[in-house]
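Each ligand, and each atom within it, is numbered from 1 in the order the structure gives.
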Amino acid sequence: MRMYDIIQKKRDGGALSEAEIKWFIAEYSAGNIPDYQMAALCMAIYFRGMNLEETTALTFAVRDSGECLNFSEIKGLRVDKHSTGGVGDKTSLVVAPIVASLGVKVAKMSGRGLGHTGGTIDKLEAIPGFRTDIPVDEFKQIVNEVGIAIVGQNATLAPADKLLYALRDVTATVDSLPLIVSSIMGKKLAADDDCIVLDVKTGSGSFMKTPEKSRELAEWMVEIGKRAGKRVRALITDMDRPLGYAIGNSLEVVEAIHTLQGNGPADLTELCIALSAHILVLAEKGTYAECEEMAKKAISDGTALNTFASMVKAQGGNSEWILNPEKFPKAKYSHTVTAKEEGYIVGVDTENYGVASLLLGAGRNTKEDVIDPTAGIYLCAKTGDKVCVGDPIAILYSGSEKGFAAAEERLISATRIGKDAPKEEPLILDVVE
Ligand code: URA
């Protein structure tokens, strides 16, 4: 086979065969196809798309590009939850301990921040001593003993995705449905979990900006997961506003702890309970209503928080900080952003809120950047709130003052203020089974 012929076929709108897809993934992973040819193919896929059969073949080829993990030594049903990426999305830190405290095993591999979106691993590393690079055997032992462990992606897991993602990130080909499906599901299927609940974000802070596109993404991921023999369900959830009030790593860990203590923001709590209940239903713990009650009780009786503290301790972190979140240090500098006009916040460009947080040091502009765990944004007003001139909209936090001006400008121009209160939109738009 020749890469040239495959690029040309996709460029002209043809459907690639399973053999062609397997071939280019294997050859690219082995370093035999140069980045410029792979980039050309990604762009052809971006414009021409792929049908469900091609996308399934691509997902399975990404899964099989490395080692598929074997979690059979973990006793009990293993569950996973994955978000397609958002701003202020700290749900994994809440949902994983809730469901683990209710007897399902969470053997979770998470990612770092991508573009304007945050990543669970960067958040967990804001906890002093917390190790995210645990060897697989120790990881399985912690899951067996504590019920939960969250680690960074193993280097041998779906290596084709690692290469492809880095390439897509710099060639404007991230937001392509078949490429997102194969990237996320290729990794998820290489990890040996029984049940997967996907949180497919939609709106200005997500990679898929419309509910129609997000629904298609959700349907394809669920279908391909089922073809691989997994129990999969997807929630389509709103990312036209950040989730909760905190954006940035230690700020988000603290907000997640408050949520586990029963004092979290309403939107974050609602979504975490729903995601937990759907996971518990897939794990056959009861009806949706029963599972919802169980999840709420795990928060109110403190078992979910204690499970989180036990996981942190088992992974080398200081669990005292989890039980006393006021111990998390505040950033050296802070700056309050105020409203420049009076009215209701009618909407925000969530992606630019994420970028503002990144400019403060909470994310990376280059792969080598070191994250400031204290950096980020605490929102004082969100969509639907009324503000007067001079009212605080947000407090910016950073270890250095140099990002404040640019972050403030982003935040102000990303916040739309109007005369009338906006219509209240649901947080959970749909469930795809
Ligand atoms: N998250 C991933 O892992 N891959 C994508 O392509 C998008 C979000």
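- Between Tyr245 and Tyr378, the ring planes lie parallel to each other; the angle is under 30°, not in the 30° to 60° tilted range.
- The closest approach between any non-hydrogen atom of Ile184 and ligand 1 is below 4.0 Å.
- Each of the atoms 6 (O) of ligand 1 lies under 4.0 Å from some heavy atom of Arg168.
- Between Glu54 and Arg48 there is no salt bridge, since none of the side-chain N atoms of the basic residue sits less than 4.0 Å from a carboxylate O of the acidic one.
- At under 3.5 Å, a nitrogen or oxygen of Ser183, whether backbone or side chain, sits near a nitrogen or oxygen of ligand 1.
- No donor-acceptor pair under 3.5 Å is formed between the side chain of Asn352 and the backbone N or O of Ala414.
- Only backbone heavy atoms of Thr84 (N, CA, C or O) come within less than 4.0 Å of ligand 1; its side chain stays farther off.
- Counting protein heavy atoms only, atom 3 (O) of ligand 1 is closest to Lys187 NZ, 2.5 Å.
- The only option from Met185, Arg227, Lys188 that meets the side-chain contact (heavy atoms from CB on, under 4.5 Å) definition with Thr59 turns out to be Met185.
- With Lys209 contributing its side chain and Ser204 its backbone, the two residues share a donor-acceptor pair below 3.5 Å.
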